[in-house]
Amino acid sequence: MTTTSWEEMSRRWRELTEAQAEATTRWADAQSQLAKTLAGAGASGDPASDAAAMADVWRSSMALGGILTRSVPGMEGGGLANEMLTRMLNPMSTALVGGNQVGDVIRRMTEGPRLADVGGLERQMVELMDLYVAVQTATRAYETIVASAWTKASQRFADDISQRARTGKGLRPGKKALEVWMDIANQTLVETHRSAEFLTAQRELLRTGMDFLLAEREFVEKLVEPPGLPTRSEIDEVHRSVWELKRRIRELERRDVARSDGAQNRKRSGRSAGRARTSTDRPSRQNPRSEDRS
Amino acid sequence: MSQNPRDTSELLREVSDFNAKVAAGIEKLGSIKDEQVEIATTPKDEVFRTDKVTLYRYRPLAEARIKTPVLIVYSLIGRHTMTDLQEDRSLVRNLLKKGVDLWVVDWGDPSRADRWLTIDDYVLGYLDDCVTAMQNAVGAPRVGLLGICEGGVFSLAYAALEPDRVQHVVLTITPLDFHAGDDEEDGQQGFINLWTRSLTAEDVDRMIDVWGVLPGEFMSAVFSMMTPIRSLSKYNIDLLDVVDDEAKLLNFLRMEKWLADRPHHPGEAAKQWLKDLYQENKLIKSGWELGGRRVDLKNVTMPVLNIYAEADHIIPPPTVRALQGKLGTADYTELGLRGGHIGMFVSSKSQGIVGQGIVDWLAERDS
């Protein structure tokens with residue numbers, strides 16, 4: 001890797017990070033604005049405070065989940081699925097939802113010089129960077145949709161408590177309010193997960209992620225091949241060979257069984273009128289344990 | 001949510017109760033031993049093993065009533081231990097207590113090394129080996145198959161390809177017509193179907209190229225999208241609700257243990273599952289091929305019982321209730337039971353109902 005390429009990449013990373021930081025600030029401002037908007041729409045005593053309080057309850061409840069699961073032997077963290085889902089659904093993870101700044105940087109990056117003058121690995125590294133940026137872009141698009149769902153859920157919750165206040169059925173704080181919030185949030189997220197917009201964004205995230213990982217593998221394999229280290233592709237090939245061999249062995253064993261069945265049947269029919277072969281005559285392909293015992 | 005003094009006092013009391021419950025909960029959870037959360041404890045013996053696959057035979061709990069041995073064939077997505085979650089919530093025990101000679105195939109823990117295994121290998125290889133081992137052990141000319149979810153598809157395919165070796169087939173929560181329910185209103189179609197068909201065949205291929213398997217964690221995340229808030233709240237709100245009731249708490253933890261134990265799905269088999277079945281719906285059209293042979297449902301000439309869960313949001317009833325007139329047997333029965341995909345097996349209300357339904361049906365056909 002030449003110094004020039006490293007500098008180029010560092011510059012691009014710096015720009016991207018700065019744009020993301022700015023986007024984060026904007027997102028926080030937008031949330032603040034949302035709270036003010038909710039305050040204007042609410043009909044109860046102080047819906048904005050209620051919404052903020054609900055957010056606190058929800059966050060502390062999430063933290064509590066962490067404490068409780070850490071108390072259970074063998075269940076620390078609740079597994080990767082929960083972690084992945086929490087990341088997917090946590091509104092704080094939307095902090096990087098970008099505006100045009102991120103898009104501009106990405107455009108400039110993808111329209112930048114192809115660096116045709118540097119060597120193959122360096123060029124591949126830059127291509128890898130492009131794929132990585134595509135993953136980040138897809139992530140932002142995906143998170144925007146998830147963030148919108150949470151915003152919609154907050155709005156619906158605010159509407160719900162306003163409606164209850166208007167009809168004299170005000171919701172008291174505490175567990176009942178949390179349950180109402182959870183029902184509304186669940187319904188909203190389920191609707192989102194079923195929407196074409198969400199499924200498309202998730203597919204793009206998956207696609208760009210897969211493209212990046214495959215390109216990364218190719219890149220790494222080029223690095224490890226010269227010193228003779230095994231690559232993922234080679235190991236996959238070995239596994240494939242083993243699988244094919246096992247299939248052939250199975251096929252040969254079955255032919256052998258069929259042949260010996262045929263011979264036995266011929267013998268039987270020679271000795272007597274012959275008993276029809278039943279499937280119970282079919283020997284087990286292999287059973288190391290019973291073979292050991294025999 | 002406006003507050004008056006009464007509300008404030010109620011809130012303070014609730015917070016105080018909540019804190020007390022959390023403190024007690026942490027202490028309780030810390031005192032639970034691993035062995036208290038054991039699942040699948042019904043005694044069984046290993047009969048046969050090949051590669052990562054093991055065939056077990058359960059020890060009887062009652063005098064034999066059903067002569068034909070019955071093999072539980074579970075899905076590759078999840079593990080058969082769900083059928084024997086705990087002593088009082090166990091399909092396995094319910095069947096054994098009613099005199100069924102019960103066997104189960106454990107598919108083991110497929111890893112990336114098993115990437116190339118196909119459904120052909122599972123159905124015509126491993127499942128066939130298990131059937132042979134059962135026949136040799138008990139001298140029965142045929143066996144019964146009890147397929148669950150994807151295992152139901154394996155069982156039905158095997159019955160179509162090797163009809164002379166199968167006495168009867170019981171399918172439970174098994175997707176058969178993967179595209180049924182497409183005409184349902186928005187929000188009513190099966191989510192897995194919706195999700196899988198949002199991908200192209202190339203997307204599926206690339207996932208397997210990258211991971212080599214369909215990772216268990218990935219499928220867990222997809223399932224979680226169907227009940228997003230429940231997935232986020234179960235370790236704080238749901239857990240707190242049961243923490244002071246030992247029986248409920250242990251049941252909760254055992255269920256979580258089963259959920260967390262989600263094996264990887266071998267890659268090539270996952271491609272067939274997602275592309276051939278979810279995307280192209282080949283099974284119900286009798287257009288699926290395994291081992292170069294067509295899975296013709298008209299070859300299923302033995303009795304078939306097809307059980308579905310009325311509130312199944314993973315495999316919705318229309319995708320299950322699809323075999324009428326498609327099989328080569330007139331002895332076909334559908335049985336709808338209350339509950340969800342897994343709830344039908346593990347909920348306290350369903351205990352005994354599934355087992356009784358199966359045994360009554362088997363008893364009439366056990367020749």
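What you are looking at is a predicted structure, and each value in this text was computed from that prediction instead of being measured. Chain A is the first sequence line, chain B the second, and so forth, proteins listed ahead of strands; every chain is numbered from 1.
Using a 4.5 Å cut-off on side-chain heavy atoms (C-beta onward), B/Asp209 and A/Met210 make no contact. Considering only heavy atoms from C-beta on, A/His193 comes within 4.5 Å of B/Met225 through its side chain. No side-chain heavy atom of A/Arg203 sits under 4.5 Å from any side-chain heavy atom of B/Trp195. In this structure, the side chains of A/Arg232 and B/Arg112 come closer than 4.5 Å at one or more pairs of heavy atoms. For the pair A/Gln202/B/Ser198, no side-chain contact is recorded, criterion being any heavy-atom separation below 4.5 Å from C-beta on.
Of all heavy-atom pairs spanning A/Asn186 and B/Ile229, the tightest one is OD1-N, 3.0 Å. Closest heavy-atom contact between B/Thr200 and A/Arg207: CG2-NH2, 3.4 Å. Here the shortest heavy-atom pairing between A/Arg194 and B/Gly190 reads NH2-C, 4.2 Å. In plain terms, the two heavy atoms of B/Trp211 and A/Leu206 that are nearest each other are CH2-CD1, 4.2 Å. Looking at every heavy atom in both residues, A/Arg247 comes nearest to B/Thr118 through NH2-OG1, 3.1 Å.
Under the ring-ring contact (aromatic ring centres under 6.0 Å, His included) criterion, A/Trp243 pairs with no residue at all, not counting sequence neighbours. Take B/Lys52 and apply the salt bridge (Lys or Arg N to Asp or Glu O under 4.0 Å) test, not counting sequence neighbours, and it matches B/Asp114.
For A/Asp211, the parts lying under 4.5 angstrom from a heavy atom of chain B are both the backbone and the side chain. B/Arg115 touches chain A through its side chain: at least one heavy atom from C-beta onward sits under 4.5 Å away, while N, CA, C and O do not. If you measure heavy-atom distances from B/Leu259 to chain A, you find no contacts under 4.5 Å at all. Using a 4.5 Å cut-off between heavy atoms, A/Arg240 touches chain B through backbone and side chain atoms alike. Using a 4.5 Å cut-off between heavy atoms, B/Met134 makes no contact with chain A at all.
Within the 3.5 Å criterion, the main-chain N or O of B/Val210 finds a donor-acceptor partner in the side chain of A/Arg217. Here the side chain of B/Trp116 pairs no donor or acceptor atom with the backbone of A/Ser241 at under 3.5 angstrom.
Atom CD of A/Glu197 has 12 or fewer neighbouring heavy atoms from other residues, nucleotides or ligands inside a 6.0 Å radius.
Between A/Arg254 and B/Asp128 there is a salt bridge, since a side-chain N of the basic residue sits under 4.0 Å from a carboxylate O of the acidic one.
Comparing A/Val190, A/Leu214, A/Val242, A/Leu213 by how many heavy-atom pairs each has under 4.5 Å with chain B, the most go to A/Leu214.
With A/Arg250 as the fixed residue, the salt bridge (charged side-chain N to carboxylate O under 4.0 Å, His left out) test singles out one of B/Asp129, B/Asp121, B/Asp120: B/Asp129.
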